[in-house]
Each structure stands twice: as C-alpha cells, then as structure tokens.
> 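Structure in structure tokens, see below.
Lettering follows sequence order; numbering is per chain, from 1. Atoms considered below: every heavy atom in the structure, side chains included; atoms not considered: hydrogens, waters and symmetry mates.
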Amino acid sequence: MWSILYYLRNDAAKLKWSQRVRGSDEGLVDKALELDTEWRRLKSHMDKLRHERNQMAAKIGKASLNERTKLIEEAKRLDRELEEAEKRLTEVEEARERVLLSIPNIVHESVPVGTSDEDNVPIRVFGRPKVWRGYLESFLQQVKGFNVEYELIDWRPVGHADLSEESGFVDTVRASKVAGARFYYMFDDLVWLDLALVMWALDILSSKGFKIVIPPYMLRRKLLEGVTSFSDFEDMIYKVEGEDLYLVATAEHPLAALHSGETLPKDELPLLYAGLSPCFRKEAGAHGKDTKGIFRVHQFTKVEQFIYCLPEESWEWHETLIRNAEEMFQKLEIPYRVVNVCSGDLGVVAAKKYDLEAWMPAQGKFREMVSCSNTTDYQSYRLGVRYARARGAPAEGYVHTLNSTAIATSRTITAILENNQEPDGVVRIPKILKKYLELFEKAPKDHIEPRKVKS
RNA sequence: GCCGGGGUGGCCGAGUGGACCAAGGCGUCGGCCUUGAGAGCCGAUACCUCUCCGAGGUGCCCGGGUUCGAAUCCCGGCCCCGGCGCCA
C-alpha cells in the first residue's frame, strides 16, 4: 500500500508531524481524511447501484420482447441515478487524489528538524582542507565539533570561475552571446578532464555491480510528473516546443521512469543503475547566485546512481549510495563534509537526503557536489513500480527508489580547480584520473597549466 | 512522414454487442500423492470497497463516445509489426 494512504488511514498523527517539521500545511491531512471517508462512503453506494444496474441488464437479455420495453425504461432511470453518483464519486476522488499527491514524502525520524540549510547537520568531514588565513575563523565555525586537520595557507587561491575563464579553458562570455547566461564553451584540458571523470565514474560503478546506462534525454510530461514535484518542474524543466517532451534535468528522471508500470520480482531486486546524461536546468529562482563560471549552469554532464529496492532495504542502500559518492571524492582527494539535510530544506520528493559538500578554498565554504536521497515510494507510487514474490505473482507493494549523484562533472571540475591549485596557478590533476587521460595523446596527465592567453 | 496490419492477465492465446465468473495453455505459489524429485490431481494467482467467512464493483494499450448492456461498434491519442520515403 502507498505509504501516504497507509498513514492517513492508520496513523494520521505521523503524517501531521511530517508536515509540521517540513513547514508544510498540516491541515491537508485533515482535509484528506475527510475526503477519503467521504470517498469510501460514496464508493459503497455506487457499487450497490452498479450491482442493481448489472442485474437489470442481465434480466433484459433474458426477457421476452414485450417485457423488454418496460425493463429498459426502468434501466434508464437507474442509469440516470448512477450517472449522478458516478459524477460525485469522481469529484471526491479527484479532490482526494489532488490533496494526497500534494503531500510531500514522509520525513524519516533520523532527519534533523529545521527550517533552512543553516539547520543541516554535518555528520562527517573528510580530508585536509587548504584554508586561506582570511577564512580561518569561518572555516573553524563550519567544522565545529569535528577534529579536522587542515593546511593553513597565506596565499589566496584564485576562484574556479576566474581561473578557468582567464586561462581560456572556459568562455562564458561568448556562450552568453549565443545561448544566454549560464551557458559555457569548455575547451581543451577541461574537456579531457570532463571525459575522464565520466569514464572513471562509470568504471567504478560498473565494478560495484551497477548497470551503466545512457537514457533518453527527453521525457513525456506524464512520466516527469511521476518523478518530480510541480515546484521543481516549474523551476527546472525545459520544454520542447510543439511536442509532449521535456529535457531531462538529471538521469534520475528517465531511470525512475524506466520501470514505470512494472511489477518487479523480488529476487531481481535491487536494481542498480548508473546513468550518464546531460542535465538541463532552468535554474529559475537562482538569480544572482553563482553567476560566474561553470558551478551553476543550464547544462552539465552527470553520472547518477539510481536504485530500485525492497522497502525494508532502502535505508541501508541510502547509506551505501552516499558512501559510494564519498569514496569517489576521497579518491579525487577533495576535502568534503557530508550533511544530513534538515526537514525544512529536504525537497518534496525525498524522505531523507544527504548532501556531500566539497571544500572550496577560494570561497572559504563547503559547496554542494552530491545530493543523495531516499525517495521511498514517492516516485514508485506515481509511476506504478511494484514488487512481487515472483514474476507473475500479485504485487505486494511499491518498491523504494533512491538516487545519488556520483559525479557532476562541471561542479567537480570547479572543486579540482580550487583544491588542487598551487600558488603559481598550476592545477594538479587527481592521480586516479591519469589512467583515463593517458588514452588521449593531447590530454594533460598530471597538471593543467593556466595559459593566461585568451584565444 | 505516408499506406497497410495489430495491441486481451506475468507470458502465449480464444473471444466481433447480452447466457454466473475474459475459454484454454504456460509459468508461479499452496495442498494431495511420492523415500525424494518429476509426473499426475485439486486449489490459488489484477485492482478497489464493504459488515473482510464472504459479498459486490472495476479491469481487455490510454482517453472520450454510442447502447438498457462494449474486450467486441465509433472518434482521438500512444506504441508495435510490414512496406514506401527520409536519414547518422
């Protein structure tokens, strides 16, 4: 059973609590309860009427010719009554569905209660961040409660945006001429780096048992509605004009849609996918934030982890997914922290979310690189993905789905540019990527040299 | 894009307006039988509601329509197969 409906009927207090800590409307729960009670009443009533109608229709089939006219008259009267009942039921049903579908995923007990990202709770810190003297105080504040080794530096690293732009590896000025703000041309060494990150991520995840996949980059509206919330939709999604198609904002969406309408046999679960796709995002409502460089852009490449699993296993998989992402940033030697995102900052779809935030030495802040969510049955209910004892057996319930970034290339590149920067501006390439860069004659292998010359 | 054929349960497949359940087969699950397995036999195997033993409703790609009654007839959409066209 869908968890929202289950809790509505069995433990409405829990739903109310979830709404409360999210800062969402608690009244929706009462409203839903009311509508559901009414719906059940009307449903019983209509089933009775339909039963009468069916019996009537059967009688007519067997009746003699002169009886028939009379019975048909009676049946027509019954039909009018039925039509009325059907209309009311549909109305209540639609209203109930609207309310239920507008209720965000139920917050997990382990999620910290809070209202904004300031209430997110850091749970782990990794690495040896380079901290410029001017940021020391703020840094210490950000890692309070953790015993973090750090390297104090007197020179201030150049920000990723300035570094990449001035060295000619990124041209956002010309990109804005041809496509607008938040687009970019990326050149030479950063292209190789981008490709190497993708290949490396797919290499690691496929070794861990993930099926690697290139999904469709466009989706029908119906499927998109199953994986995301209306608010995300409005803020993120590009539409293809004249078609019922939308550009994907992440591989998560086509991967969640992959098994829509299917009942998966238990013994085939979990299904582990690593999707590679471009991500197209409007970034509406982000005006003035991260306007320079390739940190926040309308289009980037990402390798995404996605899992379908049994409900009782999803919390364990959630930990595995964030550990996978952490492993990757550890191998890239990028200092980071993991935060447990608080109830008010969760987003509608997730029941719990971890963000992995890389240390950005030029900004003196931890910035989001990875987002790792357990969406429980929010997506699987909407998309109709269920599980059964065996192939062909009746469905026992809805699967849980989870998603986590593995590598979003452009953001990861910004973290590499800042963390691996030497005082002279040379950027050391993470050793783990060397193998993938060696495939290409002209690709840099150990260092990226800023050219300081624009072409 | 155009023309033709098609879409029925987890799978195969019958059913072209009404007779209690969408026949039958395969698969899966339970039971009987067997030393064990197999075969065989019996039963179960979509969703929803209720007073949950049981009764009833809905369901044949999706959405509308015709009819007292639709898997079946009509309209729109999506997808699949074949042919033509186009194309990397």
> Please tell me whether A:T405 and A:S371 have a donor and an acceptor in their side chains that are separated by less than 3.5 angstrom.
no
> With A:E26, which residues qualify under side-chain contact (heavy atoms from CB on, under 4.5 Å), at least two apart?
A:K16, A:Q19, A:R20
> Scan every strand shown for a Watson-Crick or G-U wobble partner of B:A70, both distances under 3.5 Å, and answer none if you come up empty.
none
> What is the distance from NZ of A:K222 to P of B:C79, rounded to the nearest Å?
12 Å
> If you measure from the C1' atom in B:G6 to the same atom in B:G18, how many Å do you get, rounded?
27 Å
> Quick one: list whatever passes side-chain contact (heavy atoms from CB on, under 4.5 Å) with A:P394, sequence neighbours left out.
none
> For atom P, what is the distance between B:C60 and B:A22, given to the nearest Å?
12 Å
> Please, which pairs that meet ring pair (Phe, Tyr, Trp, His ring centres under 6.0 Å) have at least one residue in residues 73-106 of chain A, sequence neighbours excluded?
none
> Please name all residues satisfying side-chain contact (heavy atoms from CB on, under 4.5 Å) with A:P216, sequence neighbours left out, ordered by chain then number.
A:P254
> Roughly how far apart, to the nearest Å, are B:U45 and B:U35 at atom C1'?
31 Å
> B:U8 and B:C61: how far apart are their P atoms, nearest whole angstrom?
6 Å
> Is there a Watson-Crick or G-U wobble partner for B:G1 with both distances under 3.5 Å, and if so, which one is it?
B:C84
> Could you work out the separation of B:G24 and B:G77 based on their C1' atoms and round it to a whole Å?
33 Å
> Could you work out the separation of B:A46 and B:C11 based on their C1' atoms and round it to a whole Å?
15 Å
> Take the protein atom CZ of A:R221 and the nucleotide atom C1' of B:C62, then report the distance between them rounded to whole Å.
18 Å
> Both distances below 3.5 Å, Watson-Crick or wobble geometry, any strand: find the nucleotide opposite B:U16.
none
> More 5' along RNA chain B: A:L5 or A:D79, using each one's nearest nucleotide?
A:L5
> Take atom CG of A:L89 and atom C1' of B:U58, then tell me their distance rounded to the nearest Å.
11 Å
> Looking at A:E327 and A:K331, does any basic side-chain N land under 4.0 Å from a carboxylate oxygen?
yes
> A:W2 CH2 to B:C47 C1': how many Å, rounded?
16 Å
> What integer distance in Å separates A:I72:CD1 from B:U66:P?
17 Å
> Is it true that A:E165 and A:T172 share a donor-acceptor pair across their side chains at a distance under 3.5 Å?
yes
> So what does A:R9 hit on the nucleic acid, given a heavy-atom distance under 4.0 Å: a base, only sugar-phosphate, or nothing?
sugar-phosphate
> Can you confirm whether A:Y354 sits close enough to A:K352 that some side-chain heavy atom of one is under 4.5 Å from a side-chain heavy atom of the other?
yes
> Between P on B:C68 and CD on A:E81, what's the gap in Å once rounded to a whole number?
17 Å
> Residues in ring-ring contact (aromatic ring centres under 6.0 Å, His included) with A:F183, at least two apart?
A:H298
> Specify the separation, in whole Å, of atom CE of A:M1 and atom P of B:C48.
8 Å
> Could you write out each protein N or O paired with an N or O of nucleotides 76-78 of chain B at a distance under 3.5 Å?
| residue | atom | partner | partner atom | Å |
| --- | --- | --- | --- | --- |
| B:C78 | O3' | A:R220 | NH2 | 2.7 |

> Hey, can you pull the residues of residues 382-390 of chain A with a non-hydrogen atom under 4.0 angstrom from RNA chain B?
A:R386, A:R389, A:A390
> Does B:U58 have a Watson-Crick or wobble mate here (both distances under 3.5 Å), and if so which one?
B:A46
> Given that both distances must come in under 3.5 Å, which nucleotide forms a Watson-Crick or G-U wobble pair with B:A39?
none
> Below 3.5 Å, can you tabulate the donor-acceptor pairs from side chains in residues 80-87 of chain A to any protein atom, sequence neighbours excluded?
| residue | atom | partner | partner atom | Å |
| --- | --- | --- | --- | --- |
| A:E86 | OE2 | A:R50 | NE | 3.4 |
| A:E86 | OE2 | A:R50 | NH2 | 2.9 |

> Are any of A:N54's side-chain N or O atoms less than 4.0 Å away from OP1 or OP2 of B:C68?
no
> Show every donor-acceptor pair shorter than 3.5 Å between a side-chain atom in residues 261-270 of chain A and any protein atom, with sequence neighbours excluded, or say none if there are none.
| residue | atom | partner | partner atom | Å |
| --- | --- | --- | --- | --- |
| A:E262 | OE1 | A:H259 | ND1 | 2.9 |
| A:K266 | NZ | A:E396 | OE1 | 3.3 |
| A:E268 | OE1 | A:R391 | NH2 | 3.1 |
| A:E268 | OE2 | A:R391 | NH2 | 2.9 |

> According to ring pair (Phe, Tyr, Trp, His ring centres under 6.0 Å), does anything in residues 390-413 of chain A pair up with another residue at least two apart or in another chain? List the pairs.
A:Y381-A:Y398
> Taking the same atom, P, in B:G40 and in B:G25, what whole-Å distance lies between them?
12 Å
> What's the closest nucleotide to the side chain of A:P394 if the choices are B:G57, B:C68, B:C47?
B:C47
> Distance check needed: B:G9 P versus A:E262 CD, whole Å only.
14 Å
> Rounded to whole angstrom, note down the C1' distance from B:G59 over to B:A70.
13 Å
> Just to verify, what does A:R9 make a side-chain contact (heavy atoms from CB on, under 4.5 Å) with, not counting sequence neighbours?
A:M1, A:L5, A:D36, A:W39, A:R40, A:R96
> Enumerate the residues from residues 32-53 of chain A whose closest heavy atom to RNA chain B is under 4.0 Å, giving them by residue number; use none for an empty result.
A:W39, A:R40, A:K43, A:S44, A:D47, A:R50, A:H51, A:R53
